[in-house]
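Following: one structure in structure tokens, then a few remarks.
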Amino acid sequence: QVQLVESGGGLVQAGGSLRLSCVASGRTVSNYAMGWFRQAPGKEREWVAGINWSGGSTYYATSVKGRFTISRDNAKNTMYLQMNSLKPEDTAVYLCAVDRTGSGYPGVVESGFGSWGQGTQVTVSS
């Protein structure tokens with residue numbers, strides 16, 4: 001079983017930047033797609049971005065495209081989310097997850113992910 005730990009969240013003003021990290025332990029995730037989700041208070045969890053096993057293909061929700069960049073370092077068993085031009089509506093708990101379908105390419109729904117971190121809070125003030 002893989003364990004995921006997110007870090008890098010915090011409080012930032014609108015227009016600012018944060019870089020989230022997701023470190024995996026227990027087994028290598030280099031053969032698996034991964035993704036970032038977020039959940040704001042009172043709202044359903046939503047997919048933010050995904051990356052294939054090699055890092056060569058990345059995918060973004062429309063709401064973050066052009067502002068967020070997902071990447072991974074398989075040698076470090078770590079995935080990242082660089083968030084720029086942050087907006088108050090980006091405020092949420094951000095969670096990383098490992099795809100469980102085995103395809104090597106990420107889906108966009110929760111059911112396709114089998115391992116989750118606890119999340120890191122991102123708060124963007126206006």
Side-chain angles (χ1 to χ4, degrees):
Q1 185 73 6
V2 64
Q3 291 79 45
L4 303 174
V5 178
E6 303 93 337
S7 63
L11 173 64
V12 64
Q13 288 188 332
S17 298
L18 285 173
R19 188 192 194 205
L20 306 185
S21 298
C22 171
V23 178
S25 62
R27 64 170 170 83
T28 180
V29 294
S30 60
N31 294 327
Y32 294 85
M34 297 183 71
W36 286 98
F37 287 73
R38 67 186 181 186
Q39 188 162 18
K43 295 187 177 181
E44 293 189 354
R45 189 173 295 180
E46 65 170 340
W47 173 77
V48 173
I51 189 166
N52 78 323
W53 67 275
S54 69
S57 296
T58 57
Y59 311 86
Y60 299 93
T62 302
S63 59
V64 307
K65 197 169 187 178
R67 301 188 296 121
F68 290 11
T69 302
I70 189 172
S71 62
R72 66 191 298 166
D73 184 339
N74 283 340
K76 296 182 178 180
N77 234 21
T78 301
M79 178 178 66
Y80 305 96
L81 186 68
Q82 177 67 44
M83 306 187 296
N84 298 329
S85 302
L86 282 162
K87 304 176 181 180
E89 51 264 43
D90 294 319
T91 295
V93 174
Y94 283 71
L95 306 101
C96 63
V98 179
D99 183 274
R100 68 175 182 176
T101 65
S103 70
Y105 287 80
V108 300
V109 295
E110 288 182 65
S111 59
F113 292 83
S115 298
W116 293 84
Q118 292 298 308
T120 185
Q121 176 71 47
V122 171
T123 303
V124 185
S125 63
S126 57

Is Arg19 reaching over with its side chain to a backbone N or O of Gln82, donor-acceptor style, under 3.5 angstrom?
no
Which atoms form the tightest heavy-atom contact between Trp36 and Leu20, and what is the distance?
CH2-CB, 3.7 Å
Taking CD in Gln118 as the centre, count heavy atoms belonging to other residues, nucleotides or ligands within less than 6.0 Å. Is the count above 12?
no
Quick one, Tyr32 and Trp53 - any side-chain contact, counting heavy atoms below 4.5 Å?
no
For Pro88 versus Ser126, what's the shortest heavy-atom pair and its separation?
CG-CB, 3.8 Å
With side chain to side chain contact (heavy atoms under 4.5 Å, CB included) as the criterion, how do Ile70 and Tyr60 come out once you've worked through the C-alpha distance, each side chain's angles and the decisive distance to 0.1 Å?
CA-CA 8 Å; Ile70 189 172; Tyr60 299 93; 3.4 Å; yes
Pairs involving residues 107-121, ordered by first then second residue, that meet salt bridge (Lys or Arg N to Asp or Glu O under 4.0 Å) (sequence neighbours left out):
Arg45-Glu110
Is a donor on one side and an acceptor on the other found under 3.5 Å between the side chain of Asn74 and the backbone of Thr28?
no
Residues passing the side chain to side chain contact (heavy atoms under 4.5 Å, CB included) test with Asn52, sequence neighbours excluded, are Ser54, Ser57, Tyr105, Pro106
Minimum-distance pair of heavy atoms, taken over all atoms of Val108 and Phe37:
O-CE2, 4.0 Å
Hphob cluster co-occupancy, Trp47 + Val64, side-chain heavy atoms under 4.5 angstrom:
no
State plainly whether one hydrophobic cluster holds both Val2 and Ile51, where clusters connect Ile, Leu, Val, Met, Phe, Trp and Tyr through side-chain heavy atoms under 4.5 angstrom apart.
yes
In this structure, CG of Asp73 is separated from CE of Met79 (nearest 0.5 Å) by 12.5 Å
Side-chain contact, heavy-atom cut-off 4.5 Å: Ser17 with Met83?
no
Closest heavy-atom contact between Thr91 and Val124?
OG1-N, 2.9 Å
Backbone N or O of Ser7 within a donor-acceptor pair of the Ser21 side chain at under 3.5 Å?
no
Quiz: residues 93-100 side-chain donor-acceptor pairs under 3.5 angstrom, not counting sequence neighbours:
residue	atom	partner	partner atom	Å
Tyr94	OH	Arg38	NH1	2.9
Tyr94	OH	Asp90	O	2.6
Asp99	OD1	Thr101	N	2.9
Asp99	OD1	Thr101	OG1	2.5
Arg100	NE	Ser111	O	2.9
Arg100	NH2	Ser111	O	2.9

Side-chain contact, heavy-atom cut-off 4.5 Å: Lys65 with Thr62?
no
Treating Glu6 as the side-chain partner and Thr120 as the backbone partner, does any N or O pair qualify as donor plus acceptor under 3.5 Å?
no
Where the side chain of Gln3 meets the backbone of Gln1, is there a donor-acceptor pair that is under 3.5 Å apart?
yes
Compare every heavy atom of Leu18 with every heavy atom of Leu86, then report the nearest pair and how far apart it is.
CD1-N, 3.9 Å
Minimal non-hydrogen separation, Ser115 against Leu4, with atom names:
O-CD1, 3.4 Å
Would you check, one step at a time, whether the test side chain to side chain contact (heavy atoms under 4.5 Å, CB included) holds for Phe68 with Asn84?
CA-CA 6 Å; Phe68 290 11; Asn84 298 329; over 6 Å; no
Side chain to side chain contact (heavy atoms under 4.5 Å, CB included) assessment of Asn77 paired with Val23
CA-CA 6 Å; Asn77 234 21; Val23 178; 5.7 Å; no
Heavy-atom side-chain proximity of Val12 to Thr123 below 4.5 angstrom
no
Atom pair SG/CZ of Cys22 and Arg72 - distance to nearest 0.5 Å:
9.5 Å
